[in-house]
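The sequence lines fix the lettering, A, B, ..., with proteins before strands; numbering per chain opens at 1. The figures that follow rest on heavy atoms only: side chains count, while hydrogens, waters and symmetry mates do not.
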Number of protein chains: 2
Amino acid sequence: MTTHTRSQIESQMRAAGLKLTPQRFAVLDYLSRSSAHPTAEQIRIDLNRRFPRASRATVYNTLNALCRAGFVNAIYLDDAVGRYEAVINSHHHFVCRACGHIEDVPVEHVRALPQKGLRANRKVENYEIVMRGICDSCDERTTD
Amino acid sequence: MTTHTRSQIESQMRAAGLKLTPQRFAVLDYLSRSSAHPTAEQIRIDLNRRFPRASRATVYNTLNALCRAGFVNAIYLDDAVGRYEAVINSHHHFVCRACGHIEDVPVEHVRALPQKGLRANRKVENYEIVMRGICDSCDERTTD
DNA sequence: TCCTAATTTAGACTTATTCTAATCACCGCT
DNA sequence: AGCGGTGATTAGAATAAGTCTAAATTAGGA
């Protein structure tokens with residue numbers, strides 16, 4: 001889907017009518033390296049360990065802008081807190097009910113939903129699946 | 001699944017170690033009649049039009065208790081706000097990207113996911129699907 | 001009826017997110 | 001180099017969602 005070299009990002013941003021500021025690049029770079037589905041606050045803390053610094057408002061502005069532009073995806077799972085991820089590949093999510101850990105599940109691992117019900121009486125454009133259960137490490141910890 | 005006559009609720013509550021207070025019954029009754037996926041605040045406002053009154057804390061306490069007991073389900077969709085529904089039948093959700101309207105989609109309308117990927121490297125106990133697109137009325141409004 | 005643990009309550013508090021108004025940075029133009 | 005304008009960033013205030021506290025009330029069993 002989206003590739004993340006600086007120049008590609010730059011042109012895609014411009015296409016979306018957005019300037020590529022150091023803060024925006026930093027957020028996107030951070031997210032594209034992370035698989036932790038961090039909250040805005042976590043992103044702010046991690047980012048501010050080094051240049052460029054970003055205020056809370058900027059983190060939110062940036063995340064919203066990147067979401068609108070399609071670079072970033074926000075997810076809301078089991079509490080009233082947004083979590084963010086770079087849009088790199090298409091995937092669903094698995095959440096461990098014991099430790100809360102969130103894992104990506106590539107779409108290839110889940111056979112596509114049949115078109116049938118999807119078209120029923122509304123136009124479904126896309127869908128995401130949240131699976132819940134026990135992750136490997138919690139499972140071991142329980143079974144020992 | 002769960003039936004909602006007073007006596008059935010009573011015994012199920014008891015089984016869950018919960019007292020059946022007027023507030024709890026009111027919340028559950030309200031939710032089992034609603035298909036609007038209301039927020040806690042919306043529930044509080046609607047409830048307080050008549051007896052029994054419930055404070056904000058009670059609404060949250062009650063919702064959490066009912067969730068734990070399996071009578072109520074909380075969902076988090078596109079913003080940092082919890083929405084609630086009575087657990088009556090098993091269904092997924094459709095969200096209109098234009099008007100935000102949330103619709104239930106019975107599981108029968110969506111062929112079950114294959115077991116394959118689900119079992120991959122974690123124990124999936126259940127899953128929910130959030131479909132997004134355009135609902136009927138927004139579609140008409142656009143197509144006219 | 002009486003007792004006790006569970007529940008409700010108002011309001012304070014915490015946390016998540018948005019808003020505001022001022023400053024700052026970049027860009028094209030002179 | 002200097003100017004002006006648009007858009008971004010900022011600190012901090014404001015709003016909103018949810019939790020906590022300590023005191024008063026109540027459900028439900030003895």
Side-chain angles (χ1 to χ4, degrees), chain A residues 6 9-11 13-30 37-48 50-69 71-84 100, chain B residues 6-7 9-30 37-48 50-69 71-84 100:
Chain A
R6 175 157 219 134
I9 291 174
E10 230 164 47
S11 58
M13 285 284 245
R14 223 175 303 276
L18 295 173
K19 290 182 181 172
L20 182 55
T21 64
Q23 284 84 354
R24 285 178 180 168
F25 185 80
V27 168
L28 191 44
D29 183 60
Y30 173 86
H37 306 85
T39 65
E41 190 55 10
Q42 191 58 56
I43 294 170
R44 190 180 66 84
I45 291 169
D46 288 350
L47 239 49
N48 284 344
R50 64 185 66 229
F51 179 87
R53 202 130 298 198
S55 70
R56 199 186 353 251
T58 294
V59 172
Y60 279 103
N61 287 343
T62 297
L63 287 170
N64 289 337
L66 292 175
C67 282
R68 260 180 270 116
F71 289 105
V72 165
N73 192 233
I75 58 177
Y76 298 85
L77 294 171
D78 291 332
D79 50 12
V81 186
R83 292 167 204 283
Y84 299 86
Chain B
R6 174 154 220 134
S7 70
I9 291 175
E10 232 162 50
S11 59
Q12 290 182 274
M13 286 284 245
R14 223 177 305 276
L18 295 173
K19 291 181 181 175
L20 183 56
T21 65
Q23 285 82 356
R24 283 178 181 167
F25 185 81
V27 169
L28 192 43
D29 184 59
Y30 172 86
H37 307 85
T39 64
E41 189 56 10
Q42 191 59 56
I43 295 171
R44 189 179 68 82
I45 290 169
D46 288 352
L47 239 49
N48 284 345
R50 63 186 67 232
F51 178 87
R53 202 129 296 197
S55 69
R56 184 164 340 130
T58 294
V59 172
Y60 280 103
N61 287 343
T62 297
L63 288 170
N64 289 338
L66 292 174
C67 282
R68 258 179 271 116
F71 291 105
V72 166
N73 190 234
I75 59 177
Y76 298 87
L77 293 171
D78 291 334
D79 51 11
V81 186
R83 293 166 202 283
Y84 299 85

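- For dT26(D), the OP1/OP2 oxygens have no side-chain nitrogen or oxygen of Gln23(B) closer than 4.0 Å.
- Rounded to whole Å, atom C1' of dT17(C) lies 16 Å from atom OH of Tyr76(B).
- Residues Leu47(A) and Ala26(A) share a closest heavy-atom pair of CD1-O, 3.9 Å.
- Taking atom CD of Gln42(A) as the reference point, atom C1' of dT15(C) lies 14 Å away to the nearest angstrom.
- In terms of modelled atom types and a separation under 3.5 Å, the side chain of Arg44(B) and the main chain of Arg56(B) share no donor-acceptor contact.
- For the contact set between residues 54-64 of chain B and DNA chain D, defined by any heavy atom under 4.0 Å, the members are Arg56(B), Ala57(B), Tyr60(B), Asn64(B).
- For Val59(B) against Ala40(B), the heavy-atom pair with the smallest separation is CG1-O, 3.7 Å.
- Proximity of a side-chain donor or acceptor of Arg53(B) to a complementary backbone N or O of Asn48(B) within less than 3.5 Å is detected.
- Across Val72(B) and Tyr84(B), no two heavy atoms sit closer than the pair CG1-CD2, 4.1 Å.
- Between the side chain of Arg24(A) and the main chain of Lys19(A), a donor-acceptor pair closer than 3.5 Å is present.
- Rounded to an integer number of Å, the gap from Phe51(B) CZ to dT26(D) P is 9 Å.
- Using modelled atom types, one side-chain atom of Thr62(B) and one backbone atom of Thr58(B) make a donor-acceptor pair closer than 3.5 Å.
- With hydrogens and angles disregarded, no donor-acceptor distance shorter than 3.5 Å links the side chain of Glu10(B) to the backbone of Leu20(B).
- Between Ile9(B) and Phe25(B), the closest heavy-atom pair is CD1-CE1, 3.7 Å.
- A straight line from CE of Met13(A) to P of dC26(C) spans 15 Å, rounded to a whole angstrom.
- Between the P atom of dT10(D) and the CZ atom of Arg24(A) lies a distance of 11 Å, rounded to the nearest Å.
- Between Ile43(A) and Pro38(A), the closest heavy-atom pair is CG1-CG, 3.7 Å.
- When the local axes at the two ends of the helix from dT1(C)-dA30(D) to dT30(C)-dA1(D) are compared, using 5 base pairs at each end, they differ in direction by 20° after rounding to 10°.
- Residue contacts for Glu41(B): at a heavy-atom cut-off of 4.0 Å it reaches no nucleic acid atom on any strand shown.
- Within 4.0 Å (heavy atoms only), Arg53(B) reaches sugar-phosphate atoms of the nucleic acid but no base atom.
- Here dA16(D) presents its C1' atom at 11 Å from CG of Asp79(B), a figure rounded to the nearest Å.
- Side-chain polar atoms of Asp46(A) and Tyr30(A) form a donor-acceptor pair below 3.5 angstrom.
- For the segment residues 14-22 of chain A, no residue has any heavy atom less than 4.0 angstrom from an atom of DNA chain C.
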